[in-house]
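Everything below concerns the one structure shown next.
FYI, the numbering just counts along the sequence from 1.
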Amino acid sequence: MKLHFTKMHGLGNDFMVVDGVRQTVSLSAERIRQLGDRHFGIGFDQLLLVEAAQAAGHDFRYRIFNNDGGEVEQCGNGARCFAKFVSDRGLTSKSRILVETAKGVIAPEYLGDGQARVDMGRPRFAPAEIPFQAESEAICDDLQVGDAILSISVVSMGNPHAVQVVADVALAPVTQLGAAIENHPRFPQRVNAGFMQVVARDEIRLRVFERGAGETLACGTGACAAVVAGIRRGLLERRVRVHTRGGELTVEWPADDAAVTMTGPAVTVFQGEIDI
């Protein structure tokens, strides 16, 4: 069986995007790991599967698999690529679509010229919704990692994030601390670990160690979570430029009871097919 796919990226966070509307797709976790291998497969941070919507009034279903084969709830950079993909492939004539994810409905909008904006929904902070083992919701929580006590902000953007503020993101021990935070026992479903440097009240630098993928060049939900965490800590304004290793995003959180929106690029690299 030949599987048709498109290779895409959002700020270097790269994806294998598969149309599950026009072709039958059945991939095991082992097969996804093989496809995700950068030496023996296609190579990607995440595989994005486009499916028909399950509920009336929605346009598509969006499924995300990390390159370790595990399915996850959300991917913001992927959502921008999703919007461009369904537009480019003629799967919809709409610019703004309603897309089902494992944690609710999001609204990506393809703006044209390689740019997309995503309504990511409202952030959540209750420990049970992260999930995170804590007695109550807090803006900051202490997390012991080895001999160190880290001050983290836990946020769900449909997937779990633990954000900490660092003096210089270039010098932050992202690989070592990121893996320890990702697998910390207080996060029963693991967590994405964000390292945020505040440059100005409307500008941050960010690196993210993603759950199941390691550090990526950019993380859209991580950017949203970092901005929300910074606003709640009193460090940031409501509209923020986020510099990642792969490029720049704009994240807005207009009010505490509002949805977070993220705007940035979506790029098609090539199309291909592979024997499965």
How long is the straight-line distance from [atom2] of [Y] back to [atom1] of [X], given to the nearest 0.5 Å?
| X | Y | atom1 | atom2 | result |
| --- | --- | --- | --- | --- |
| Glu248 | Arg205 | CD | CZ | 9.5 Å |
| Ile181 | His161 | CD1 | NE2 | 13.0 Å |
| Gln34 | Asn67 | CD | CG | 13.0 Å |
| Phe44 | Asn66 | CZ | CG | 9.0 Å |
| Ile130 | Met157 | CD1 | CE | 10.5 Å |
| Arg239 | Thr250 | CZ | OG1 | 5.0 Å |

Do the side chains of [Y] and [X] get nearer than 4.5 Å, heavy atoms only?
| X | Y | result |
| --- | --- | --- |
| Val17 | Val50 | yes |
| Leu35 | Ile276 | yes |
| Pro265 | Arg80 | yes |
| Gln164 | Leu143 | no |
| His4 | Asp19 | no |
| Phe187 | Val154 | yes |
| Leu206 | Val169 | no |
| Phe15 | Asn77 | yes |

Surrounding [atom1] of [X] (heavy atoms of other residues, nucleotides or ligands, distance under 6.0 Å), is the total greater than 12?
| X | atom1 | result |
| --- | --- | --- |
| Phe270 | CZ | yes |
| Glu30 | CD | no |
| Arg89 | CZ | no |
| Asp147 | CG | no |
| Asp168 | CG | yes |

Polar side-chain atom of [X] near backbone of [Y] as donor-acceptor pair, under 3.5 Å:
| X | Y | result |
| --- | --- | --- |
| Arg201 | Gly234 | yes |
| Ser156 | Gly158 | yes |
| Arg238 | Trp253 | yes |
| Thr221 | Gly76 | no |
| Asp142 | Ile149 | no |
| Glu137 | Ile139 | no |
| Asp45 | Asp14 | yes |
| Asp202 | Val240 | no |
| Lys7 | Gly272 | no |
| Glu100 | Gln54 | yes |

Does [X] share a hydrophobic cluster with [Y], counting links as ILVMFWY side-chain heavy atoms below 4.5 Å and allowing steps through other members?
| X | Y | answer |
| --- | --- | --- |
| Val199 | Phe195 | no |
| Ile204 | Val165 | yes |
| Phe82 | Leu3 | no |
| Phe85 | Val25 | no |
| Val105 | Phe60 | no |

Exercise: identify the closest heavy-atom pair between [X] and [Y]:
| X | Y | value |
| --- | --- | --- |
| Val174 | Phe209 | O-CD1, 3.7 Å |
| Pro108 | Ala83 | CB-CB, 3.7 Å |
| Asp119 | Ala259 | OD1-CB, 3.3 Å |
| Leu98 | Arg96 | CD2-NH1, 4.2 Å |
| Val242 | Ala223 | CG1-CB, 3.9 Å |
| Cys224 | Met120 | SG-CG, 4.0 Å |

Practice prompt. Examine the side chains of Thr216 and Glu210 and answer whether a donor and an acceptor come within less than 3.5 Å of each other.
Written response: yes
Practice prompt. Go through the side-chain N and O atoms of Glu203 and His243 and say whether any donor and acceptor fall under 3.5 Å apart.
Written response: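 Yes - a donor-acceptor pair under 3.5 Å links their side chains.
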Worksheet item: Under the side-chain contact (heavy atoms from CB on, under 4.5 Å) criterion, do Leu217 and Leu11 qualify, and how do the steps go?
Response: CA-CA 7 Å; Leu217 291 177; Leu11 300 181; over 6 Å; no
Fill in: Derivation and outcome, side-chain hydrogen bond (donor to acceptor under 3.5 Å, both in side chains), residues Ser153 and Arg233
CA-CA 9 Å; Ser153 295; Arg233 289 180 181 225; 2.9 Å; yes
Discussion item. Check this for me, if you would: do Glu73 and Arg124 make a salt bridge, where the nitrogen-to-carboxylate-oxygen distance has to be below 4.0 angstrom?
Written reply: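 Looking at Arg124 together with Glu73, the answer is no, because their closest N to O distance does not fall below 4.0 Å.
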Worksheet item: Between Glu182 and Arg211, is the closest basic N to carboxylate O distance under 4.0 Å?
Response: no
Worksheet item: When you look at His184 and Val145, which way does the side-chain contact (heavy atoms from CB on, under 4.5 Å) test go after all the steps?
Response: CA-CA 8 Å; His184 197 283; Val145 178; 4.2 Å; yes
Practice prompt. Show your working on side-chain contact (heavy atoms from CB on, under 4.5 Å) between Ile106 and Tyr62 and close with a plain yes or no.
Written response: CA-CA 10 Å; Ile106 60 172; Tyr62 172 33; 4.1 Å; yes
Worksheet entry | Inter- and intrachain pairs under ring pair (Phe, Tyr, Trp, His ring centres under 6.0 Å), touching residues 91-131, at least two apart | none
Discussion item. By the definition side chain to side chain contact (heavy atoms under 4.5 Å, CB included), identify the one residue from Leu49, Val18, Leu48 that meets it with Arg63.
Written reply: Leu49
Discussion item. Assess the residue pair Leu111 and Thr263 against the criterion (side-chain contact (heavy atoms from CB on, under 4.5 Å)); give the C-alpha distance rounded to whole Å, side-chain angles, the decisive distance to 0.1 Å, and a yes or no.
Written reply: CA-CA 9 Å; Leu111 304 174; Thr263 305; 4.2 Å; yes
